[in-house]
Number of protein chains: 2
Amino acid sequence: MVVDDEPSIRDLLSASLRFSGFEVLTAADGYEAVEVAERTSPDLVVLDVMLPDLDGFEVARRITAPVLFLTARDATEDKIAGLGVGDDYVTKPFSLEEVQARIRAVLRRTRGESTPVSRLKVADLELDEDSREVWRAGRSVRLSPTEYKLLHYFMSNAGRVLSKAQILDHVWNYDFGGDAGVVESYVSYLRRKVDDVEPRLIHTLRSVGYVLREPPAG
Amino acid sequence: MVVDDEPSIRDLLSASLRFSGFEVLTAADGYEAVEVAERTSPDLVVLDVMLPDLDGFEVARRITAPVLFLTARDATEDKIAGLGVGDDYVTKPFSLEEVQARIRAVLRRTRGESTPVSRLKVADLELDEDSREVWRAGRSVRLSPTEYKLLHYFMSNAGRVLSKAQILDHVWNYDFGGDAGVVESYVSYLRRKVDDVEPRLIHTLRSVGYVLREPPAG
DNA sequence: GTGAGCCTTCAGCTATTCCTCAGGTCCCTG
DNA sequence: CAGGGACCTGAGGAATAGCTGAAGGCTCAC
């Protein structure tokens, strides 16, 4: 369930989550959130701290589902400490990659220890979501946070062509005002760090986008 | 079994214990506690002294399971220490690390003397839960209580990335109001005391958290 | 009461990271 | 083969996260 009073945020999140295969309900304020949560028992609630009626903490107290808080990057960020054990938070403005990563982490933690796919693999490139480690050809590679998010997005969409606009929408914060040049820069960084051996995995499709995949044999 | 009339405490404890692999039942008052205890014979009962109907001492008399009392830091604390009732106690506000440590200690004492994992080891760093001693590279190290709890939390989660918020939630009391800066301070203390030789074990993951592990080869 | 150790805050400093920009390269098209 | 658009990448300035020394206040033992 997604709870936020701003329709743009609500739509952004619910569309992105639906696309990833989640079933999504939404609520625009605290009372509606509590009501829907009681009626439908969602697996997880993405909850804005700042709501017009009840605040997010109060809503969290009244429901039983694990919560992923959305909060501004300011004083309220500190108040978030003292979360329930399964819970977590993301600061606004966020990137979709980040929200989805946290959602999966919370679900993995609270739901059984079944540890679903926490390890992504493409050819001899590997990424572990728990430890955030990355290996290429057996060698450990150190990535900055943005590099990691970008590589993670590529690997979760291996074989699919991603436009720079798509990449910008998923990996960068939703309020990022700059142009797509930054994507080129980061692809360049990634190539240097994880794609400096054969077979090359990151391919440019001129005037279309990028794709991560093993080159077809032959 | 967790017995407390405040839902927030009940949820905090039961979620944390479930995450650590315990099977948890809960009760909100004294009569329910006695009833559930008779029916299910729990291995241990975490029992708030202050309950709306029967008080914790009365409940403890009526059940056979070992008891870990929760009590305010005041006169009742002395009562418990004097009484000889119950097997141990923790004062509110507590930290999750502390409660879990006491639970394991009680279980180890009452259940067979099988002494399960009372010794944690990561590379040449060792920690003994019974004696609270810590060694690095064979050298004994003296730690303050908070330093010890933090290191214990790191070592029980070796290889897992822990955010500052998670650390705050587990190692500090649940009512701690300060910000995450204190975690940085204590990590700094720990580094000086137990991580001043190669290989470095405490690693910073910028804007993500910390992880205790042997550095990856390669 | 006094001192020692401990907890927490704070601020200056450092290292990393982010983003922009611009010159150069590649590739397609005409 | 020339031109132009798309892309690559090195350099650099700004912003930020994290480290650590210092200081204040607290508790506890003596």
Side-chain angles (χ1 to χ4, degrees), chain A residues 72-75 77-78 81-82 91 93-95 97-98 132 134 141-151 161-165 167-168 171-196 200-211, chain B residues 73-74 77-78 81 91 93-95 97-98 132 141-151 161-165 167-168 171-196 200-211:
Chain A
R73 176 192 234 68
D74 63 5
E77 193 179 355
D78 299 335
T91 58
F94 49 75
S95 70
E97 268 293 288
E98 202 159 343
R132 291 180 75 97
V134 171
V141 180
R142 236 180 103 262
L143 298 182
S144 83
T146 303
E147 290 162 0
Y148 175 86
K149 278 200 285 185
L150 177 57
L151 180 62
V161 178
L162 304 170
S163 72
K164 287 181 207 169
I167 295 172
L168 226 37
V171 176
W172 268 259
N173 296 341
Y174 58 74
D175 72 339
F176 178 68
D179 72 350
V182 71
V183 176
E184 294 173 13
S185 283
Y186 272 87
V187 168
S188 171
Y189 297 152
L190 273 190
R191 281 185 165 138
R192 195 174 332 168
K193 288 190 178 181
V194 306
D195 208 21
D196 54 346
R200 307 289 158 153
L201 299 176
I202 301 175
H203 309 280
T204 303
L205 295 172
R206 214 183 161 71
S207 74
V208 179
Y210 298 95
V211 60
Chain B
R73 175 189 235 74
D74 62 7
E77 184 182 354
D78 306 333
T91 58
F94 50 76
S95 70
E97 268 293 291
E98 202 159 343
R132 293 176 72 97
V141 180
R142 226 178 115 266
L143 298 182
S144 82
T146 303
E147 289 164 359
Y148 175 86
K149 277 200 286 186
L150 176 58
L151 181 61
V161 178
L162 304 171
S163 72
K164 287 179 206 170
I167 295 172
L168 226 39
V171 176
W172 269 259
N173 296 341
Y174 57 75
D175 71 339
F176 178 70
D179 73 351
V182 71
V183 176
E184 294 173 16
S185 284
Y186 270 84
V187 168
S188 176
Y189 297 151
L190 273 191
R191 280 187 166 136
R192 199 173 326 168
K193 289 190 176 181
V194 307
D195 208 21
D196 54 346
R200 307 288 158 153
L201 299 177
I202 301 175
H203 308 279
T204 303
L205 295 171
R206 197 162 223 268
S207 75
V208 179
Y210 298 95
V211 61

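We use all heavy atoms of the structure for the numbers below, so side chains are in, but hydrogens, waters and symmetry mates are not. All of these numbers come straight from a predicted model, not from anything done at the bench. Lettering of chains follows the sequences in order, A, B, ..., and the numbering in each one begins at 1.
- Listed pair B/Lys164 / D/dA17 fails the phosphate criterion, with no side-chain N or O lying under 4.0 Å from OP1 or OP2.
- Side-chain N/O atoms of A/Tyr189 include none lying less than 4.0 angstrom from OP1 or OP2 on D/dT9.
- Between the CG atom of B/Leu190 and the P atom of D/dG18 there is a distance of 17 Å, rounded to whole Å.
- With distances taken from any side-chain atom of A/Arg142 to the nucleotides C/dC19, C/dC27, C/dT17, the minimum falls on C/dT17.
- Rounded to the nearest 0.5 Å, atoms NZ (B/Lys149) and CD1 (B/Ile167) are 13.5 Å apart.
- Taking each heavy atom of B/Val187 and B/Leu150 in turn, the nearest pair found is N-CD2, 4.1 Å.
- Between B/Gly181 and B/Leu143, the residue anchored nearer the 5' end of DNA chain C, judged by the nucleotide with its closest heavy atom, is B/Leu143.
- Between A/Ser144 and C/dC18 there is a side-chain polar atom (N or O) within less than 4.0 angstrom of OP1 or OP2.
- Ring geometry for B/Trp172 versus B/Phe176: interplanar angle of 30 to 60°, hence tilted.
- Close to C/dA15, at under 4.0 Å from its OP1 or OP2, lies no side-chain N or O of B/Arg206.
- Distance, A/Ile202 CD1 to D/dC7 C1': 14 Å, rounded to whole Å.
- Contact check, B/Ser207 against D/dG18: no side-chain N or O comes under 4.0 Å of OP1 or OP2.
- You'll find that the side chain of A/Glu184 is closest to D/dT9, out of C/dT8, D/dC19, D/dT9.
- Considering only side-chain N and O atoms, A/Arg192 lies nowhere under 4.0 angstrom from the phosphate OP1 or OP2 of D/dT9.
- For D/dA17, one of the phosphate oxygens OP1 or OP2 lies less than 4.0 angstrom from a side-chain nitrogen or oxygen of A/Arg73.
- The CG atom of A/Leu205 sits 11.0 Å away from atom OG of A/Ser163, with the distance rounded to the nearest 0.5 Å.
- When the P atom of C/dC18 is taken as reference, atom CD of A/Glu98 falls 12 Å away, rounded to whole Å.
- Contact annotation: B/Trp172 side-chain N/O to C/dT8 OP1/OP2 distance is under 4.0 Å.
- Across all their heavy atoms, A/Asp195 and A/Ile202 have their closest contact at OD2-N, 2.9 Å.
- With rounding to whole Å, A/Tyr186 atom OH is found 15 Å from C/dT16 atom P.
- Residue B/Pro145 places its side chain closer to C/dC6 than to any other of C/dT9, C/dC6, C/dC19.
- Between A/Tyr210 and D/dC8 there is a side-chain polar atom (N or O) within less than 4.0 angstrom of OP1 or OP2.
- With rounding to whole Å, A/Ile167 atom CD1 is found 17 Å from C/dC19 atom C1'.
- In this structure, B/His203 atom NE2 and C/dA15 atom C1' are separated by 18 Å, rounded to whole Å.
- Residue contacts shown for A/Gly178 are limited to sugar-phosphate atoms, with no base heavy atom under 4.0 Å away.
- When every heavy atom of A/Lys193 is checked against every heavy atom of A/Glu147, the shortest pair comes out as NZ-OE1, 2.8 Å.
- Along DNA chain D, the nucleotide nearest to B/Gly209 and the one nearest to A/Ser185 differ in position, and the one closer to the 5' end is contacted by A/Ser185.
- Whole-Å rounding puts the B/Glu147 CD to C/dC7 P distance at 7 Å.
- As a whole-Å value, the separation of A/Lys149 NZ from C/dT17 P is 14 Å.
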